[in-house]
Amino acid sequence: MKKRLKMLSMLLIGSLLLLSACGGNNNGEVAPDSGQSAEAAGKPTELTVAFPLFAAQPKDMSLIEDAVNKIAIEKINAKVKLMPISFSNWMQQTNLMFSSGEKLDLMPTIYNYNQAVVQGQLIPLDELLEKHGQGIIQALDPAYLDASRVKGTIYGVPTLHEMASVNGITMQKEIVEKYQIDTSKLQTLEDLEDVLKTVKAGEPNMAPLLPSTIGASMLNDYKTFDELSNHLGVLPNFDNDLKLVNLFETKEYAEQLKLMRKWYEEGLILQDASTNQTNPLDLVKSNRGFAFLLSAHPAALNEGATGGVPMKTEAFSQPAVSTTSQITNTMWGITANSKAPEKAMEFLNLMYSDKDIANLLIWGIEGKHYVIQSGNIIDFPEGVDASNSGYYLNAGWLFGNQFISYLWNGTDPDLWEKVKAFNTSATKSKALGFTFDPTPVKTEAAAIGNVLTQYRLPLETGSVDPDKVLPKFIENLKTAGIDKVIAEKQKQLDEWAKAKQ
C-alpha cells in the first residue's frame, strides 16, 4: 500500500501538464516486425522490457531475467532484456529513449497513459490483441479493456488489480483499541470528528489526521465525483447526466474546506501538513500520527502490519465506484520504438496468462526468493527476509495479472477472489471509458497547474482561511482559463457519449 500511496502524489504533480513531445511515431503506424527474419532462422527475437523501481535494484535481477527467458524462448521464441529504472528517473529516462530512438518494446505507463498516447509513444493494439493477446482478453473484463480506448483505439492494457475504490480511512490499530473506537460508525468524512478529538485529548503529541502521502492534501483521497483525469471539470456523484461542473465552485467543496479549517484550528490535523516532507507511515510508526484517508478496497482492508505498524482500515458507506482513472493508472503498452510489435504482444500475453512468468516477475525464483507454505501462500525461505532477499519488489500491481500470482504470508488466501468480486460489484461511473485530450487547451492547463500549486494544498489542509482564500483561488482559476478547459472537456465528453449510442 505504501508504494501505491506514493504514486498519488505524482498524480497531483503530473496530471495537469502535457509533457513536451518526446519523438516517437505520432501517426500510430505499427512498425514492421524485423524480428521475424531472426525467428525464421531459429534465433529468438530480442525484446527490451522497461519498468520502474521504487527501491534499490535487486541484486538478483539477472537471475530473474534468465529464468523468464527460459520460459519465453521455449513458448514464443523470444528473449527479453529486463530494464528496471528508478522511478525518480522514470519519466526523464524513458522520454530520452523515445527521443533518441533507443530500443524499447514494452513499458508500463504510471498515471500518464493519455499523455503517452498523445505524444505518440504507444502503438495501437486492437489487431495485435486479436492475433496474439487472447490471454489478455480473457483475463480482463471487456468494460475495463474498453476503458483504455482513446478516440476508439486501444493503446494499452490495464494491470489486474482493484478496479474500483471507496472512500475510507486507515488508523493505528493500537490507538483504536486503546480508546475502544467503534470504527463501524465511520461512514462519512464528518463522522471522523469525534474520533479525532478523542485521539487528540488522549495523545496530545500525536497528530490525529495526516495527509495520505507527501505532497497530498487531506481531501486527496476523499472523492464523491469522477475527476475525469485532472479535476478540471468533474462529474458529481459519478453521473450527473454527464454534465460537468467546476469542483472548486461547488458548495460541497466549500463546506469541506471549512471543515478542514475547523479541524486544523482545533489541532486535529498535522500542523505542517501543507509543507510536510515525511511519509505518513513514518509519522505513524514514530507515534506522531494516527490516521490518514485512503481509497479503500479489499487489499487495503486486509488487516495487517503496514510499514511495520498494525493498522485498522475502515471503508465508508458509499458504494465502490470504477472510473477511467482507476483503471488506466497502470497500463502496459507496446512502444513506437518497437521493431517487433507482434512478438512484444506475445510476451505481454504471457505476463497476463502464464503463472510462472507472473510469479517470476512479481516474487522471484521459488526456493531462492520464496517458498510455498501451503496452497497459494508463500513466505521467505529460512534465513531470508526483506532486507537481504535478492528479489523482493513488493509491487505485484505493476506486472500484468497479479490474480494468477501467489499471495504473501499474512494475506487473506481468498484475497484475489474478493478483489475480483469487488471489481464486479462496483458501480461504474457514467463516464467510464472517457479519456480527456488536453491538447487543445494545453496552454490553459499549464497556467491552471500553477494556480493549483499555489492555492490547493494550503486550502485542503486547513492551513489558510477558506473564507478569504477560496474566492481568490476561484478568481485566479478563471483568469488562467478553467472555464475554457471545462468547456473543451464537456465537448469531448458529449462527443464520446454520442459515439457510444
- Item | Which atom of S429 lies closest to which atom of L235, heavy atoms considered | OG-CD2, 4.2 Å
- Is atom CD of Q271 surrounded by more than 12 heavy atoms (other residues, nucleotides or ligands) closer than 6.0 Å? yes
- Item | Side-chain (T335) to main-chain (L106) donor-acceptor, under 3.5 angstrom | no
- Message: Within the 4.5 Å heavy-atom criterion, are D467 and K258 side-chain neighbours or not?
- Response: yes
- Item | Distance (rounded to the nearest 0.5 Å) between N237 CG and T427 OG1 | 11.5 Å
- Task: Consider only side-chain N and O atoms of E460 and Y253, and report whether a donor and an acceptor are under 3.5 Å apart.
- Result: yes
- Query: Do L493 and F436 touch side chain to side chain, with heavy atoms closer than 4.5 Å?
  - Reply: no
- Item | K420, NZ: over 12 other non-hydrogen atoms inside 6.0 angstrom | yes
- Item | Closest contact, heavy atoms only, S338 versus D105 | OG-OD1, 2.7 Å
- Query: Is there a side chain to side chain contact (heavy atoms under 4.5 Å, CB included) between F473 and L452 once you walk through the steps?
  - Reply: CA-CA 8 Å; F473 180 32; L452 292 176; 3.6 Å; yes
- Check: Y113 and N329 side chains under 4.5 Å, non-hydrogen atoms: no
- Item | salt bridge (charged side-chain N to carboxylate O under 4.0 Å, His left out) partners of residues 470-493, not counting sequence neighbours, each pair once | E249-K478, E444-K484, K478-D483
- Message: With heavy-atom distances below 4.5 Å as the criterion, would you say the side chains of R288 and L270 are in contact?
- Response: no
- Is there a donor in the side chain of T323 and an acceptor in the side chain of S325, or the other way round, less than 3.5 Å apart? no
- How about S212 and D221: does a side-chain donor come under 3.5 Å of a side-chain acceptor? yes
- Message: Listing request: all ring pair (Phe, Tyr, Trp, His ring centres under 6.0 Å) pairs with a residue in residues 180-224, at least two apart in sequence or in separate chains.
- Response: none
- Query: Is it the case that D437 and T439 place a side-chain donor and acceptor less than 3.5 Å from each other?
  - Reply: yes
- Item | Residue pair K223 / H231, side-chain heavy-atom distance below 4.5 Å | yes
- Message: With side chain to side chain contact (heavy atoms under 4.5 Å, CB included) as the criterion, how do Q402 and W416 come out once you've worked through the C-alpha distance, each side chain's angles and the decisive distance to 0.1 Å?
- Response: CA-CA 8 Å; Q402 65 176 340; W416 294 148; 3.3 Å; yes
- Item | Donor-acceptor under 3.5 Å (D126 side chain, I154 main chain) | yes
- Query: Any chance the side chains of N450 and Q454 put a donor and an acceptor closer than 3.5 Å?
  - Reply: no
- Message: To check you understand the geometry: which heavy-atom pair defines the closest contact between M83 and T48, and what is its length?
- Response: CE-CG2, 3.7 Å
- Task: Inspect the contact between D194 and K185 and indicate whether a charged nitrogen and a carboxylate oxygen are less than 4.0 angstrom apart.
- Result: no
- Query: With no hydrogens and no angle check, is any side-chain donor or acceptor of N230 less than 3.5 Å from a backbone partner on L232?
  - Reply: yes
- Between Y179 (side chain) and G202 (backbone), is there a donor-acceptor pair under 3.5 Å? yes
- Task: Side-chain contact test, heavy atoms from C-beta onward, threshold under 4.5 Å: evaluate it for N95 versus Q121 and give yes or no.
- Result: yes
- Message: Has D239 got a side-chain atom pairing as donor or acceptor with D241's backbone, closer than 3.5 angstrom?
- Response: yes
- Message: When you measure from the side chain of S99 to the backbone of L96, do you find a donor-acceptor pair of N or O atoms at a distance under 3.5 Å?
- Response: yes
- Query: What is the minimum heavy-atom distance between D226 and A431, and which atoms define it?
  - Reply: OD2-CB, 4.1 Å
- Task: Any chance you could measure L192, atom CG, to F316, atom CZ, to the nearest 0.5 Å?
- Result: 4.5 Å
- Note on the structure: Interatomic distance, OG1@T330 vs NE2@H161, rounded to 0.5 Å, equals 5.0 Å
- Message: With a 3.5 Å distance limit and no angle check, can you tell me whether N240 reaches the backbone of K243 through a side-chain donor-acceptor pair?
- Response: yes
- Item | Side-chain heavy atoms of P211 within contact of M218, under 4.5 Å | yes
- Query: Would you find a donor on one side and an acceptor on the other, under 3.5 Å apart, between the side chain of W263 and the backbone of T461?
  - Reply: no
- Note on the structure: Sorted by chain and residue number, the side chain to side chain donor-acceptor pair (under 3.5 Å) partners of Y264 (sequence neighbours excluded) come out as none
- Between the main-chain N or O of N423 and the side-chain N or O of Y144, is there a donor-acceptor pair closer than 3.5 Å? yes
- Item | Exam field: side chain N112 to backbone I110, donor-acceptor pair closer than 3.5 Å | yes
- Note on the structure: Residues pairing under salt bridge (charged side-chain N to carboxylate O under 4.0 Å, His left out) where one sits in residues 392-403, two or more places apart or in two chains, turn out to be none
- Step by step, would you call T159 with F399 a side chain to side chain contact (heavy atoms under 4.5 Å, CB included)? CA-CA 7 Å; T159 62; F399 293 103; over 6 Å; no
- Salt-bridge present (K498, E495; N to O < 4.0 Å): no
- Nearest 0.5 Å please: distance from the CG atom of L432 over to the OG1 atom of T324. 5.0 Å
- Message: Please evaluate residues L104 and F98 with respect to the criterion side chain to side chain contact (heavy atoms under 4.5 Å, CB included), reporting the C-alpha separation (whole Å), side-chain torsions for both, the decisive distance (0.1 Å), and the verdict.
- Response: CA-CA 8 Å; L104 178 59; F98 283 113; 4.2 Å; yes
- Query: Which pair of heavy atoms, one from V166 and one from A320, lies closest together, and at what distance?
  - Reply: CB-CA, 4.1 Å
- Query: Which value, rounded to the nearest 0.5 Å, describes the distance between I136 atom CD1 and L129 atom CG?
  - Reply: 5.5 Å
- Query: Under a 4.0 Å N-O cut-off, is there an ion pair linking R261 with E265?
  - Reply: yes
- Message: Applying side-chain contact (heavy atoms from CB on, under 4.5 Å), can you list everything that pairs with D191, at least two apart in sequence or on another chain?
- Response: L186, Q187, T188
- Supply the atom-to-atom distance L145 CG to I327 CD1, rounded to the nearest 0.5 angstrom. 10.0 Å
- Those residues at least two apart in sequence (or on a different chain) that pass side chain to side chain donor-acceptor pair (under 3.5 Å) with S184 are D182
- Tightest non-hydrogen contact, residues A139 and Y352, listed as CB-O, 4.2 Å
- Item | pair M163-D141: side-chain heavy atoms closer than 4.5 Å | no
